[in-house]
Amino acid sequence: MSAGRDDGSGPGAPQAPRAPGIPGSGIAALSLRYQAVAALALAVVGVVACVHLGMVFLHVAPSNTLTKQNGEAIDDWVYPEFEQNWKLFAPNPLQQNIAVQVRAQVRTAGGQWKTTGWIDLSAQDGEAIRGNLLPSHTVQNALRRAWDFYTASHDNADKPNGMRGALSERYVRRTVMLRLAQQDLGGEIERIQVRSETKWVKAPSWSDEKTNTRPAHRVLPWWTVTEADLPEGARSASEAAR
């Protein structure tokens, strides 16, 4: 059995130093100018991440002086994309099914008016989610969050209870019109009316709790559709505001 020669080329041998002029890997392989750009980009990402974490923390934190002084800025940052909802862990989880429905008054090509039946937009969302292993966040939450935003910004008489009332109405109208634009209702939509249908979840068979399962409706007034409520109009208004 012959002994192997130790010539310094084994797996444990130290690596030879890189010759001058041979580029490294990662950011070090870039030129000085691009290294500066990459460092600046990383710094911006880091700052945005820190700001986002701070805003979300203040949003979920108990009310304090900082949140009272900067509440509007925090809400503008968080809503509607980053809202934190803890209802999953609530001691009394939701026991209602709330569906958002809409009907429309359309003007046909012959100049006649007709009113459609109630269209259950929530049921359409449910069908799109059912059987889909990776449903989109928009399908799951856009309509629901629009309605939650409206009810939180209005009293039971549908009067705004704060500065965000008008914004929530526009939000609902645009969300609904985005959905109706995908459907053929037999004419041009002139007015829409939105309502919610609330049904209590039936108590389990082993419970002696009595539950009224008859649906309750909250019907909003008719809204006239404007150019800003249409998908193309909303996009044009957003571009004009920039």
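We count residues from 1, following the sequence as given.
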Should Leu53 and Phe57 be marked as a side-chain contact (heavy atoms from CB on, under 4.5 Å) after you check the CA-CA gap, both sets of side-chain angles, and the distance that decides it? CA-CA 6 Å; Leu53 290 176; Phe57 173 79; over 6 Å; no
Taking it one step at a time, do Thr67 and Asn70 satisfy side-chain contact (heavy atoms from CB on, under 4.5 Å)? CA-CA 5 Å; Thr67 57; Asn70 303 279; over 6 Å; no
Stepwise, does the side-chain contact (heavy atoms from CB on, under 4.5 Å) test hold for Ile129 with Gln140? CA-CA 7 Å; Ile129 295 171; Gln140 295 180 77; 3.7 Å; yes
Any chance you could lay out the side-chain contact (heavy atoms from CB on, under 4.5 Å) test for Gln193 and Val219, step after step, and finish with the verdict? CA-CA 8 Å; Gln193 187 176 36; Val219 184; 3.3 Å; yes
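With values rounded to the nearest 0.5 angstrom, Lys199 atom NZ is found 14.5 Å from Thr211 atom OG1. Atom CG of Asp76 and atom CD1 of Ile74 lie 10.0 Å apart (nearest 0.5 Å). Atom OG1 of Thr224 and atom CZ of Arg191 lie 5.5 Å apart (nearest 0.5 Å). Considering CG of Leu185 and NZ of Lys114, their distance stands at 7.5 Å, rounded to 0.5 Å. To the nearest 0.5 Å, atom CG of residue Asp229 and atom OH of residue Tyr171 are 14.5 Å apart. Going from atom OG of Ser196 over to atom CG of Asn97 covers 12.5 Å, rounded to the nearest 0.5 Å.
Considering all non-hydrogen atoms of both residues, Lys68 and Ser63 come closest at CE-OG, 3.3 Å. When every heavy atom of Ala128 is checked against every heavy atom of Val139, the shortest pair comes out as CB-CG1, 3.8 Å. Taking each heavy atom of Pro160 and Gly165 in turn, the nearest pair found is CB-CA, 3.9 Å.
Cluster annotation: Val225 is not connected to Trp222 through the hydrophobic network of ILVMFWY side chains, with a link wherever side-chain heavy atoms come within less than 4.5 Å. Under the 4.5 Å side-chain heavy-atom criterion for Ile, Leu, Val, Met, Phe, Trp and Tyr, Leu58 and Val47 are members of the same hydrophobic cluster. By the criterion of side-chain heavy atoms lying less than 4.5 angstrom apart, applied directly or through intervening Ile, Leu, Val, Met, Phe, Trp or Tyr residues, Phe149 is not grouped with Tyr79; the two fall into different hydrophobic clusters. Residue Leu220 is grouped with residue Ile189 when hydrophobic side chains (ILVMFWY) are merged at heavy-atom distances under 4.5 angstrom, including chains of intermediate members. Under the 4.5 Å side-chain heavy-atom criterion for ILVMFWY residues, no single connected hydrophobic cluster contains both Leu167 and Leu230.
Using modelled atom types and a 3.5 Å distance limit, the side chains of His59 and Trp77 yield no donor-acceptor pair. The closest side-chain donor-acceptor pair between His137 and Asn141 falls under 3.5 angstrom. Donor-acceptor pairing under 3.5 Å is recorded for the side chains of Gln124 and Arg179.
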Which atom pairs, one a donor and one an acceptor, fall under 3.5 Å between side chains of residues 115-123 and the rest of the protein, sequence neighbours left out?
from, atom 1, to, atom 2, distance (Å)
Thr116, OG1, Ala104, N, 2.9
Thr116, OG1, Ala104, O, 3.4
Asp120, OD1, Ser122, N, 3.2
Asp120, OD1, Ala123, N, 3.0
Asp120, OD2, Gln101, NE2, 3.4
Ser122, OG, Val100, N, 2.8

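Side-chain contact between His154 and Glu169 is present, with heavy atoms from C-beta onward closer than 4.5 Å. Side-chain contact between Arg33 and Gln35 is absent, with no heavy atoms from C-beta onward closer than 4.5 Å. Contact check for Val172 versus Trp223: side-chain heavy atoms found under the 4.5 Å cut-off. For the pair Arg214/Trp200, no side-chain contact is recorded, criterion being any heavy-atom separation below 4.5 Å from C-beta on.
Here the side chain of Ser207 pairs no donor or acceptor atom with the backbone of Ala203 at under 3.5 angstrom.
Salt-bridge formation is detected for the pair Arg218/Asp158: a Lys NZ or Arg NE/NH1/NH2 atom is positioned less than 4.0 Å from an Asp or Glu carboxylate oxygen.
A cation-pi arrangement, defined by a distance under 6.0 Å to the six-membered ring centre and an angle within 45 degrees of its axis, is absent between Arg173 and Tyr150.
The environment of Asp155 atom CG is dense: over 12 non-hydrogen atoms of other residues, nucleotides or ligands sit within 6.0 angstrom.
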